A.B. asks: 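Take a look at this one; I'll ask things after.
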Amino acid sequence: MRIQSNEAHESDGRVRANAQPYDTLRASLELPPYATEALAALEAAGHESWVVGGFVRDALLGRTSSDVDIATRAFWREARGVFEDCGWHVHETGTAHGTITVVIDGHALEVTTFRSDGPYEDARHPQRVSFVRTIEEDLARRDFTVNALAYHPERGLLDPFGGRFDIETRMIRAVGDPDRRFAEDALRILRACRFVAQLGFSIDEDTYRGMLANKGLLPLISVERVAHELSALLLGPFAGDALMSTVDALSAVLPELVSMKGFEQRTPYHIYDVLEHTARVIDGVPAYPLVRWAALFHDMGKPAAFFAGNDGVGHFYGHARISVELARGIMRRLSMPGSFSERVLELVERHDDDIASTSKAVKRALARLGGDAELFAALCDLKRGDAQAQAPRCIGRVALADELERILDGILSEDEVFSLKQLALGGRDVIALGIEQGPRVGQALNAALEAVIDGHVSNDRDELRAFVAAWRTEREDER
């Protein structure tokens, strides 16, 4: 379970007993040279400055990160002047919030004046910000304790909210009152879920209650931001665990998950409910977007398709088609690119296709996928992950997926024909043989492709012309 309590912490925003000021806690973190230069330039001009946020968190975790943010006492115009005096290019990327971007040796750094946020509007953006004079005030506005950390090479680590302790105990905890944090910015709810997926952390009980209390605000967040957070979650090494442990929060943007939770499959081929099976499939496929999204969707239609036979065994006939419709609706709702969505839908629709481990069967499957070999390889990944998340009796399906991919590699290396675009005959050739324009042209070409795959004719233009002519004659005779 990923929701945990820890009574050693307070949740009212005050400095906690296990927090450490920078004069008693030292840490040596390796900063990129360009970040060190930016800090040094600001400090030399008399402006207290710190590296803040995700870079500090990741450095304490031993994770590589190149995304460095600096918080400074300098107002943005003062910081711009310091950097321009150094000959560095500066972009005014968010000056209303005190933010500029400086480019040093080709590396971009965000630099923001210490600030405190005023009341929030639209559950996302502060109506105004106030520039403050201390780093502690700046850190107090941040989302989670693990992100409310600041570091300076000489002063060490500043940790007023116990973020280092939460890193060591692998805990996501809101800074201050969780209800207020999530009411201010509902996107933080999805960020917490993403951190579970990326870091393998647990979520503190009070923080999770605040997430649930405010999840009704998530529909106010732009679909682009929601899609970005969900994609990042799905690509995380602990994505399945995040799905299982935060499903009640995620359901505000993916209500289709609700019916999957606790839905027992009642079949000898499955030992997990639909949600846990899905989570295990997600963790069992490689971390690239196409197959991870397909894994999320592949069995989503099962609760709607379910019926029990006279023996009490569950059946899900047609669930792939229902899953396709649910997935299509979600991806449209999230404004995901059409070309990407169509490939995901192909995988969802085909994930249960029975493909024999023969060259002919694989080439036919490739033809059904429009000759997209990369998509077929993704289908093998999905089938492998699906089999690993089923009952032990299904483990042999993993070897079948491996064999299908091996056969695919052989087909590609031998440059064998499996798609219409590889045929030595095209639509114009078919029309020239007397077949009228329209669907019959495609039918003739598909018949020719089938004949080549079956080995009845070779991929030779003259042989294919003769085949199509005979095919046309047969169809006319049938009339």
Side-chain angles (χ1 to χ4, degrees), residues 1-3 193 196-197 212 215 230-231 233-236 238-287 289-309 311-331 333-334 341 344-354 378-379 381-395 397-398 401:
M1 185 63 177
R2 284 288 173 184
I3 311 301
C193 300
V196 173
L212 297 182
K215 66 178 180 176
L230 291 176
S231 291
L233 183 157
L234 285 174
L235 294 178
F238 306 96
D241 195 31
L243 179 65
M244 288 291 294
S245 62
T246 67
V247 60
D248 291 335
L250 293 171
S251 64
V253 292
L254 290 174
E256 295 82 358
L257 296 176
V258 173
S259 64
M260 299 164 65
K261 180 182 177 183
F263 196 99
E264 298 297 337
Q265 304 198 56
R266 295 166 58 182
T267 118
Y269 304 106
H270 286 279
I271 57 176
Y272 306 113
D273 68 37
V274 176
L275 183 67
E276 185 169 357
H277 167 72
T278 297
R280 289 173 177 268
V281 175
I282 290 170
D283 283 344
V285 299
L290 178 63
V291 76
R292 284 283 173 102
W293 277 100
L296 175 67
F297 295 141
H298 80 288
D299 276 355
M300 193 169 271
K302 276 190 168 181
F306 174 82
F307 74 94
D311 56 0
V313 174
H315 301 281
F316 303 94
Y317 301 142
H319 80 273
R321 289 189 294 273
I322 299 174
S323 296
V324 164
E325 292 309 309
L326 292 172
R328 179 180 285 116
I330 291 169
M331 290 188 287
R333 192 167 74 227
L334 295 176
S341 298
V344 171
L345 294 177
E346 281 279 6
L347 292 180
V348 175
E349 182 177 3
R350 302 288 183 187
H351 78 273
D352 268 344
D353 278 7
D354 187 10
L379 181 60
D381 284 335
L382 183 56
K383 283 180 169 292
R384 216 169 358 245
D386 197 13
Q388 290 169 343
Q390 294 171 352
R393 64 187 294 174
C394 301
I395 198 63
R397 296 175 183 177
V398 174

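These numbers were taken from a predicted model, which means no experiment stands behind them.
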A.B. asks: Under a 3.5 Å threshold, yes or no: a donor from one side chain and an acceptor from the other, between Asp299 and His277?
C.D. replies: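 Side chains of Asp299 and His277: pair found under 3.5 Å.
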
A.B. asks: Applying salt bridge (charged side-chain N to carboxylate O under 4.0 Å, His left out), which residue pairs with at least one partner in residues 313-327 are found, sequence neighbours left out?
C.D. replies: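 Only Glu325-Arg328 qualify under salt bridge (charged side-chain N to carboxylate O under 4.0 Å, His left out).
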
A.B. asks: Nearest 0.5 Å, please: how far is CD in Gln390 from CD in Gln265?
C.D. replies: 8.5 Å

A.B. asks: side-chain contact (heavy atoms from CB on, under 4.5 Å) with Ile282: which of Leu235, Val291, Asp241, Leu243?
C.D. replies: Leu243

A.B. asks: Over all heavy atoms of both residues, which pair between Ala239 and Asp283 is shortest? Give the atoms and the distance, please.
C.D. replies: N-OD1, 3.6 Å

A.B. asks: Sorted by first residue and then second, give each salt bridge (charged side-chain N to carboxylate O under 4.0 Å, His left out) pair with at least one member in residues 263-279; sequence neighbours left out.
C.D. replies: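 Output for this query lists Glu276-Arg280.
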
A.B. asks: For the atom pair CG (Asp353) and CG (Leu379), what is the distance rounded to the nearest 0.5 Å?
C.D. replies: 7.0 Å

A.B. asks: Of the options Leu345, Val324, Ile330, Leu347, which is the one that meets Phe297 in a side-chain contact (heavy atoms from CB on, under 4.5 Å)?
C.D. replies: Ile330

A.B. asks: Taking all non-hydrogen atoms of both residues, which atom of Thr278 and which atom of Ala295 are closest, and how far apart?
C.D. replies: CG2-O, 3.6 Å

A.B. asks: Classify the angle between the aromatic ring planes of Phe316 and Phe306 as parallel (below 30°), tilted (30 to 60°) or perpendicular (above 60°).
C.D. replies: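 The rings of Phe316 and Phe306 sit tilted, inter-plane angle from 30° to 60°.
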
A.B. asks: Step by step, work out the salt bridge (charged side-chain N to carboxylate O under 4.0 Å, His left out) result for Lys261 and Asp248.
C.D. replies: CA-CA 9 Å; Lys261 180 182 177 183; Asp248 291 335; 2.9 Å; yes

A.B. asks: Going through the distances and angles, do Lys383 and Asp386 end up as a salt bridge (charged side-chain N to carboxylate O under 4.0 Å, His left out)?
C.D. replies: CA-CA 5 Å; Lys383 283 180 169 292; Asp386 197 13; over 6 Å; no

A.B. asks: Any side-chain heavy atom of Trp293 sitting closer than 4.5 Å to one from Ser231?
C.D. replies: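 The answer is yes, as the side chains (C-beta and beyond) meet within the 4.5 Å cut-off.
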
A.B. asks: Below 4.5 Å, heavy atoms only, C-beta onward: do Asp381 and Leu290 meet side chain to side chain?
C.D. replies: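 A side-chain contact is absent here, since even the closest heavy-atom pair is not under 4.5 Å.
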
A.B. asks: Quick one: CD1 on Ile322 to NZ on Lys302, what's the gap to the nearest 0.5 Å?
C.D. replies: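 NZ of Lys302 is found 12.0 Å from CD1 of Ile322.
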
